Participant: 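To start, I am sharing the structure in question, which I have written as structure tokens.
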Amino acid sequence: MIKKYGLLVLATLVFAAAVYFVLDKKKVFGEPEVITPLSNSWEKAIPNQKVPHGLVSLKSEDCGTCHKEYYAEWKTSTHAQAWVDQQFQAELKKESSPFMCINCHVPLQNQQEFIIKGLINGDIYKPVKEKNPLFDKELQKEGINCASCHVRNNVIIGTTGSTLAPHPVKKDPIHLSETLCISCHNANAVVTPTLACTFQTGDEWKAGPFYGKKNCISCHMPETHRSLMEGFPAKKSHFHNFPASGIPKHDTLKPAMLKSLEFYTTNVKKNYKLSDSLKFSLTLKNEHAGHRVPSGDPERFMLIDLVLKNADGKIISKTQGRIGEAWEWYPVAKKLSDNNLNPGEARSYSFKQFLNTKGKYMLETKVTKHRMTDEAVKYNKIDKSYPTNITIYDKKYEFEVK
Ligand code: HEC
Ligand code: HEC
Ligand code: HEC
Ligand code: HEC
Ligand code: HEC
């Protein structure tokens, strides 16, 4: 009897405890949780869009049935990789990645499974989610697609207001200006102590010598003359492959590269006398970028390698330089150093070697540009096939010491 009674008390206690923990404590005690509205622009998606009249969907693939060249160009751009990118997907899966990571990578609400109504007590890790009835998974895979930049208030935004189009067009050259680019390519937010979202391509451009002369669009979407759709008269048009770093996202996708650096070297003679010194320097100058190089993602860097080998291929001497930022992420995100090249800035890497042995020599000079370190690839469990760097300068000098 007592045993039975005891069991009942225990069950009641367990039940009460469960109720206490399952229900929010504040609600039990009559204190409602506060839903904080989203405030920063990158906390919000572009509202759900309807398919503009005359079109079958918001997909780039469907814009591409008419705008063939635009589609083919965009397909090779990193914008088309902004969702499927392996590094992005790996980072998104981490608990430390808050909901708004996706707002610059799949900016349209139609590309997002949930509508975020606000934050519980202002906590970015506690968004108030609601299923999005217009969510389109195929649209999500396209990342930053035609509609991300061109569709607002259910119409196509253009720069001329063309009346030849089979879809509604609104002329808005201010929307389709560098302000659109900067809305994503400039962020400075300390999200949590160990997560800082910081890249300032927009600010770097505004502070640099190209401001007022060339902008994001004039360099990254160069002008051409062609028809927007086969059979229509040729007019002013812009390339849509968004060339830049040229570091591919996978083996089969080779995005176009824009050249920012010029390289200058001192001479290497064919012959040296015993006990001469080889003096060599390689200078990198950021002549063509409208911002610092590297720009954007703080993980990017360049390595400058100067290696001297003898006839047997043995390394006699070597030096390595690095251009980029260095960060410490734990316990608090902190930038340790930053020697990115400003627009117009030059930096030299020098090498001096006393030549005290006769024979043939090879001086190898190489510059590589990296998206991330190999350690970061391992840490993020990204496939080894993911390309992390490209060679942008490679020159070898043969000489003999007699
Ligand atoms: C059925 C064919 C067709 C489809 C599909 C189509 N367009 Fe067009 N579009 C045109 C034609 C034709 C023009 C006008 C060409 C001209 O003015 O020379 C045009 C013009 C434009 C312009 C220029 C507007 C301006 O103000 O100058 C933009 C931008 C544009 N389309 C974007 C899109 C996007 C984005 C999509 C997909 C969401 C799309 N189009 C789908 C045929 C199409
Ligand atoms: C909706 C946000 C968004 C907008 C708007 C946007 N971008 Fe991007 N852009 C991105 C993201 C995100 C990536 C990187 C994708 C990735 O690496 O997976 C990117 C990549 C790029 C790259 C390639 C960088 C590289 O590594 O080579 C260039 C160039 C670029 N954008 C230029 C522009 C220009 C020019 C505009 C304006 C016409 C623009 N972007 C508008 C978000 C945006
Ligand atoms: C990252 C933003 C971005 C994306 C993505 C994008 N566009 Fe554009 N597009 C622009 C901008 C900016 C202009 C206007 C450039 C100017 O006039 O200075 C433009 C112009 C156009 C024009 C007008 C003619 C011209 O070339 O200037 C057409 C047509 C067009 N885009 C179609 C497309 C199609 C189709 C896609 C997808 C395959 C697409 N765009 C993707 C930003 C974008
Ligand atoms: C004067 C021409 C010019 C202007 C203006 C310009 N860019 Fe660039 N941008 C370049 C060149 C060249 C590169 C290639 C850098 C390199 O060597 O990797 C580049 C690289 C980039 C990259 C890749 C950065 C990296 O380190 O890999 C992004 C992103 C980018 N630009 C965005 C923008 C945006 C956004 C704007 C406007 C605020 C802009 N650019 C203005 C010329 C320009
Ligand atoms: C304000 C807009 C914005 C937000 C928010 C944003 N990104 Fe990005 N992201 C970009 C842009 C722009 C690029 C393009 C390259 C650059 O600037 O280096 C990019 C590039 C990337 C890349 C590719 C880097 C490379 O070297 O190719 C990854 C991965 C990434 N973002 C992850 C994230 C994660 C994770 C979050 C959330 C913590 C996030 N992003 C939030 C704008 C944004």
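All ligand and atom numbering here is 1-based and tracks the order in the structure. Just so it is clear, the model here is predicted, and its values are computed rather than measured. We use all heavy atoms of the structure for the numbers below, so side chains are in, but hydrogens, waters and symmetry mates are not.
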Participant: For L261, is the nearest heavy atom under 4.0 Å from an atom of ligand 4?
Facilitator: no

Participant: Is any N or O atom of R300, backbone or side chain, closer than 3.5 Å to an N or O atom of ligand 5?
Facilitator: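 Yes, there is a polar N/O contact under 3.5 Å.
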
Participant: Decide whether the shortest distance between a heavy atom of H291 and an atom of ligand 4 is less than 4.0 Å.
Facilitator: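 Yes, H291 has a heavy atom closer than 4.0 Å to ligand 4.
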
Participant: Heavy-atom pairs closer than 4.0 Å: do any link ligand 5 to the side chain of Q81, the backbone, both, or neither?
Facilitator: neither

Participant: Is the number of heavy atoms from other residues, nucleotides or ligands under 6.0 Å of N267 CG greater than 12?
Facilitator: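 For N267, atom CG is not crowded (no more than 12 foreign heavy atoms under 6.0 Å).
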
Participant: Who's the nearest protein heavy-atom neighbour of atom 26 (O) of ligand 1, and how far?
Facilitator: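 Result for atom 26 (O) of ligand 1: G161 N, 2.7 Å.
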
Participant: Relative to the heavy atoms of K259, which atoms of ligand 4 are at a distance of less than 4.0 Å?
Facilitator: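 So the answer, numbered in order with elements, is 12 (C).
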
Participant: Within 45 degrees of the ring normal and closer than 6.0 Å to the centroid, is that where the cationic atom of R226 sits relative to F232?
Facilitator: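 No, R226 does not lie over the aromatic ring of F232.
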
Participant: Which of the numbered atoms in ligand 4 are under 4.0 angstrom from any heavy atom belonging to C216?
Facilitator: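 What qualifies from ligand 4 is 34 (C), 35 (C), 36 (C), 37 (C), 38 (C), 39 (C), 41 (C).
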
Participant: Would you tell me which option among G208, C219, S245 has the nearest heavy-atom contact to atom 1 (C) of ligand 4?
Facilitator: C219

Participant: Quick one: report the N, O or S atom of H105 that is nearest to atom 8 (Fe) of ligand 5.
Facilitator: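 So the atom name we want here is NE2.
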
Participant: Please determine if S183 has a nitrogen or oxygen closer than 3.5 Å to a nitrogen or oxygen of ligand 5.
Facilitator: no

Participant: Is there a donor in the side chain of S148 and an acceptor in the side chain of N145, or the other way round, less than 3.5 Å apart?
Facilitator: yes

Participant: Determine whether any heavy atom of K249 lies closer than 4.0 Å to an atom of ligand 5.
Facilitator: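 K249: in contact with ligand 5 (<4.0 Å).
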
Participant: Could an N or O of ligand 1 be found under 3.5 Å from any N or O of K59, whether backbone or side chain?
Facilitator: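 No - when backbone and side-chain N and O of K59 are compared with those of ligand 1, no distance drops under 3.5 Å.
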
Participant: Using 2.8 Å as the cut-off, count the protein N, O or S atoms closer than that to atom 8 (Fe) of ligand 1.
Facilitator: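 Count of protein N, O, S atoms less than 2.8 Å from atom 8 (Fe) of ligand 1: 2.
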
Participant: Would you confirm whether any non-hydrogen atom of the protein falls under 4.0 Å from atom 28 (C) of ligand 4?
Facilitator: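 Under the 4.0 Å cut-off, atom 28 (C) of ligand 4 has no protein heavy-atom neighbours at all.
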
Participant: Starting from atom 17 (O) of ligand 4, what is the nearest protein heavy atom, named by residue and atom, and what distance separates them?
Facilitator: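 Checking every protein heavy atom, the shortest distance to atom 17 (O) of ligand 4 gives S260 OG, 2.5 Å.
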
Participant: Non-hydrogen atoms of T163 versus ligand 1: any pair closer than 4.0 Å?
Facilitator: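 Contact absent.
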
Participant: Using heavy-atom distances only, which candidate in C181, C101, P294, P298 approaches atom 39 (C) of ligand 5 most closely?
Facilitator: C101

Participant: So which protein heavy atom does atom 25 (C) of ligand 1 come closest to, and at what separation?
Facilitator: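 That would be T160 OG1, 3.2 Å.
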
Participant: Which part of N186 is near ligand 4, with near meaning a heavy atom under 4.0 Å away: side chain, backbone, both or neither?
Facilitator: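 Under 4.0 Å from ligand 4, N186 contributes no heavy atoms.
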
Participant: Do K131 and F135 form a cation-pi contact, if we require the NZ or CZ to be under 6.0 Å from the six-membered ring centre and within 45 degrees of the ring's axis?
Facilitator: no

Participant: For S295, counting its heavy atoms only, list the atoms of ligand 4 lying under 4.0 Å from any of them.
Facilitator: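 Matching atoms, with element in brackets: 24 (C), 25 (C), 26 (O).
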
Participant: Identify whether the distance between the nearest side-chain nitrogen and carboxylate oxygen of K360 and E398 falls below 4.0 Å.
Facilitator: no

Participant: Which option, H220, M302, K369, owns the non-hydrogen atom nearest atom 30 (C) of ligand 4?
Facilitator: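 The residue whose heavy atom sits nearest atom 30 (C) of ligand 4 is H220.
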
Participant: What protein heavy atom sits nearest atom 12 (C) of ligand 1, and how far off is it?
Facilitator: F232 CZ, 3.4 Å

Participant: Atoms of ligand 4 less than 4.0 Å from K214 heavy atoms?
Facilitator: 5 (C)

Participant: For atom 15 (C) of ligand 5, decide whether some protein heavy-atom distance is shorter than 4.0 Å.
Facilitator: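 So atom 15 (C) of ligand 5 lacks protein heavy-atom neighbours under 4.0 Å.
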
Participant: Hey, is E299 touching ligand 5 through its side chain, its backbone, both or neither, going by heavy atoms under 4.0 Å?
Facilitator: neither

Participant: On a heavy-atom basis, I'd like to know which of D172, V51, L55, N145 is closest to atom 5 (C) of ligand 1.
Facilitator: L55

Participant: Quick one: look up the protein heavy atom nearest atom 3 (C) of ligand 5 and list residue, atom name and how far away it is.
Facilitator: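 Of every protein heavy atom, C104 SG, 2.7 Å lies nearest to atom 3 (C) of ligand 5.
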
